[in-house]
*Asks:* 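My questions all concern the structure below.
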Number of protein chains: 2
Amino acid sequence: MNETSRAVAIEKAMLLFWKNGYAATTMRDIQRCLDMRPGSVYSAFGGKDELYEKSLRLYSDMVLTNICGNFEVASSAIEGLIQSVNFIIFPNNYRPSHICFLVKSVTELESASPYLTGIALNGLEFVRVELERQIEQVIKEDKNAQKQDKTELSILVQSQIIGLKTMLSLGCSEAQIGGMVSGMIRKIVLS
Amino acid sequence: MNETSRAVAIEKAMLLFWKNGYAATTMRDIQRCLDMRPGSVYSAFGGKDELYEKSLRLYSDMVLTNICGNFEVASSAIEGLIQSVNFIIFPNNYRPSHICFLVKSVTELESASPYLTGIALNGLEFVRVELERQIEQVIKEDKNAQKQDKTELSILVQSQIIGLKTMLSLGCSEAQIGGMVSGMIRKIVLS
DNA sequence: ATTAAACTTGAACAATCGTTCAAATTCAAA
DNA sequence: TTTGAATTTGAACGATTGTTCAAGTTTAAT
């Protein structure tokens with residue numbers, strides 16, 4: 001197993017965990033999905049927990065890379081922030097659930113696995129810090145910006161993102177939610 | 001098993017499902033928690049799915065009863081709405097997770113059990129409709145109210161509630177989140 | 001062609017899963 | 001006290017869980 005097929009395999013496992021959750025995904029599901037025999041999976045990735053951890057890290061890296069990249073090329077800070085939020089809510093690649101894999105992991109595992117929960121929390125905190133950085137830029141650029149604490153603003157934005165993504169799973173249409181994003185961000189960050 | 005001890009048993013099961021999730025809660029966990037033998041559980045409540053369904057319905061009824069009750073006794077509509085939201089975010093009774101049981105159920109089961117997911121979605125829609133009703137009252141009373149569609153406003157409020165509750169599980173302090181509730185509601189509903 | 005290291009295979013393991021049901025027990029009416 | 005129905009019990013079922021490991025296969029250097 002070379003390096004690229006290894007990366008592909010971890011991504012497949014990640015999508016499976018993301019779709020079904022930790023407990024409902026069996027090692028046999030993984031084996032079938034990766035077309036690998038039990039022993040190979042264990043020798044390549046370790047057990048279920050280790051593979052889940054690798055899945056969490058892959059997902060975290062992907063999200064963070066994308067929202068940092070989008071912000072840099074925007075015409076203004078507020079537009080960059082809105083673009084970042086839109087990317088988080090509507091990632092262009094295939095996704096098995098509207099709900100963020102990190103949030104889903106914390107939700108499922110907070111009482112069962114402090115270790116895996118910690119890794120997911122870590123990824124979410126990195127995202128929040130990046131949002132705070134982008135909000136700071138908006139405040140510097142825009143005279144109309146809120147005078148509220150920027151950490152609080154970043155929490156408000158992140159929680160609204162998590163909430164709206166959840167609403168998509170609750171049956172709201174993508175069009176409806178998409179139409180609300182820009183206004184909602186401006187309402188929170190600008191006065 | 002009389003009627004009240006039956007209600008107590010369902011509540012115990014609900015708290016266990018809420019804490020551990022559907023897949024990670026075994027019927028043996030339930031049996032130990034209720035101090036009942038396997039056969040008794042099955043004859044009284046049916047199988048795992050039926051018991052989970054009863055748990056969802058109990059939770060839905062409890063939430064809805066409380067937010068309707070709180071609104072009626074408030075001094076104004078906006079205060080009643082804020083009180084309702086505060087109750088959802090900080091219910092006074094014991095709770096095994098900050099994350100709403102209905103949301104947690106949808107998150108875990110949306111790809112595994114359309115039936116149970118549907119029941120959870122139903123409960124959440126009832127809550128949203130009640131929030132919309134309360135927002136409608138605010139708009140009637142308050143001249144400063146937003147002219148935005150009240151269904152959209154209710155989605156925004158509900159998604160913010162879900163988000164803030166999730167943030168509590170992500171490590172934000174109750175004091176910090178609690179301090180943001182009133183401002184956030186006014187920001188959404190009032191101009 | 002030989003060899004040793006590296007990888008892959010899949011049958012098998014003990015543990016646990018949701019669920020059943022005949023037997024034991026409890027209960028209430030006569 | 002007797003009787004028949006209702007409830008409770010817990011051993012047991014087949015299926016499935018995460019994981020292991022001896023045996024088989026592939027790989028690459030000599």
Side-chain angles (χ1 to χ4, degrees), chain A residues 1-57 104-105 108-109 111-117 119-120, chain B residues 1-57 104-105 108-109 111-117 119-120:
Chain A
M1 158 158 287
N2 62 33
E3 209 170 310
T4 61
S5 73
R6 182 186 160 84
V8 170
I10 293 176
E11 184 173 359
K12 281 183 185 170
M14 184 267 280
L15 291 170
L16 205 60
F17 277 132
W18 189 1
K19 177 165 182 280
N20 300 326
Y22 176 89
T25 305
T26 72
M27 287 306 277
R28 280 174 179 77
D29 293 335
I30 299 276
Q31 291 151 24
R32 193 179 315 118
C33 173
L34 308 192
D35 191 26
M36 288 172 74
R37 266 27 72 197
S40 302
V41 173
Y42 278 83
S43 90
F45 309 113
K48 191 181 186 182
D49 281 44
E50 273 123 303
L51 185 51
Y52 198 89
E53 179 176 345
K54 292 182 208 308
S55 301
L56 285 175
R57 294 193 191 282
K104 190 164 170 170
S105 298
E108 180 182 4
L109 299 173
S111 83
S113 172
Y115 180 72
L116 292 175
T117 303
I119 290 166
Chain B
M1 160 158 284
N2 61 35
E3 209 171 309
T4 61
S5 74
R6 181 185 161 83
V8 169
I10 294 176
E11 186 173 357
K12 281 183 185 169
M14 184 268 279
L15 291 170
L16 205 60
F17 278 130
W18 189 1
K19 177 165 181 281
N20 300 327
Y22 176 88
T25 304
T26 72
M27 288 305 277
R28 281 173 179 78
D29 292 334
I30 299 277
Q31 291 151 21
R32 193 179 315 119
C33 173
L34 307 192
D35 191 27
M36 288 172 73
R37 265 29 70 194
S40 301
V41 173
Y42 278 83
S43 89
F45 308 113
K48 191 181 185 183
D49 281 43
E50 272 123 302
L51 185 52
Y52 197 90
E53 179 176 345
K54 291 183 209 309
S55 300
L56 284 174
R57 294 194 191 281
K104 190 164 173 172
S105 298
E108 180 181 4
L109 299 173
S111 83
S113 174
Y115 180 72
L116 291 175
T117 302
I119 291 167

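Order of the sequence lines fixes the chain letters, A, B, ..., with proteins taken first and strands second; residue numbering starts at 1 for each chain. Every heavy atom of this structure was used, including side-chain atoms; hydrogens, water molecules and symmetry mates were not.
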*Asks:* At their closest point, which heavy atom of B/C33 faces which heavy atom of B/L16, and how far apart are they?
*Replies:* CB-CD2, 3.8 Å

*Asks:* Is it true that B/R57 and B/E53 make a salt bridge, defined as a side-chain N closer than 4.0 Å to a carboxylate O?
*Replies:* yes

*Asks:* Do B/L15 and B/W18 have side-chain heavy atoms sitting under 4.5 Å apart?
*Replies:* yes

*Asks:* Classify the ring geometry between B/F17 and B/Y22 as parallel (under 30°), tilted (30 to 60°) or perpendicular (over 60°).
*Replies:* parallel

*Asks:* Closest heavy-atom contact between B/A9 and B/M1?
*Replies:* CB-CE, 4.4 Å

*Asks:* Compare every heavy atom of A/N20 with every heavy atom of A/T25, then report the nearest pair and how far apart it is.
*Replies:* OG1-CB, 3.2 Å

*Asks:* Where do A/A24 and B/A23 come nearest, in terms of heavy atoms and distance?
*Replies:* N-CB, 4.4 Å

*Asks:* Between atom CZ in A/R28 and atom P in D/dT19, what is the gap in whole Å?
*Replies:* 11 Å

*Asks:* Starting at CZ of A/R32, measure out to CG of A/D35 and round the result to the nearest 0.5 Å.
*Replies:* 11.0 Å

*Asks:* Within the sub-3.5 Å range, which N or O atoms of nucleotides 7-11 of chain D have a protein N or O partner, and how far apart are they?
*Replies:*
from, atom 1, to, atom 2, distance (Å)
D/dG10, O6, B/G39, N, 3.2

*Asks:* Can you name the closest pair of heavy atoms from B/I10 and B/S55 and give their distance?
*Replies:* O-OG, 4.2 Å

*Asks:* Identify, residue by residue, the members of residues 10-27 of chain A with a heavy atom below 4.0 Å from DNA chain D, and return them in order of residue number, or none.
*Replies:* A/T25, A/T26, A/M27

*Asks:* Between B/K19 and B/K104, what is the shortest heavy-atom contact and its length?
*Replies:* O-NZ, 3.1 Å

*Asks:* Would you grab the first and last nucleotide of DNA chain C (5' to 3') that comes under 4.0 Å of any non-hydrogen atom in chain A?
*Replies:* C/dT8 to C/dA12

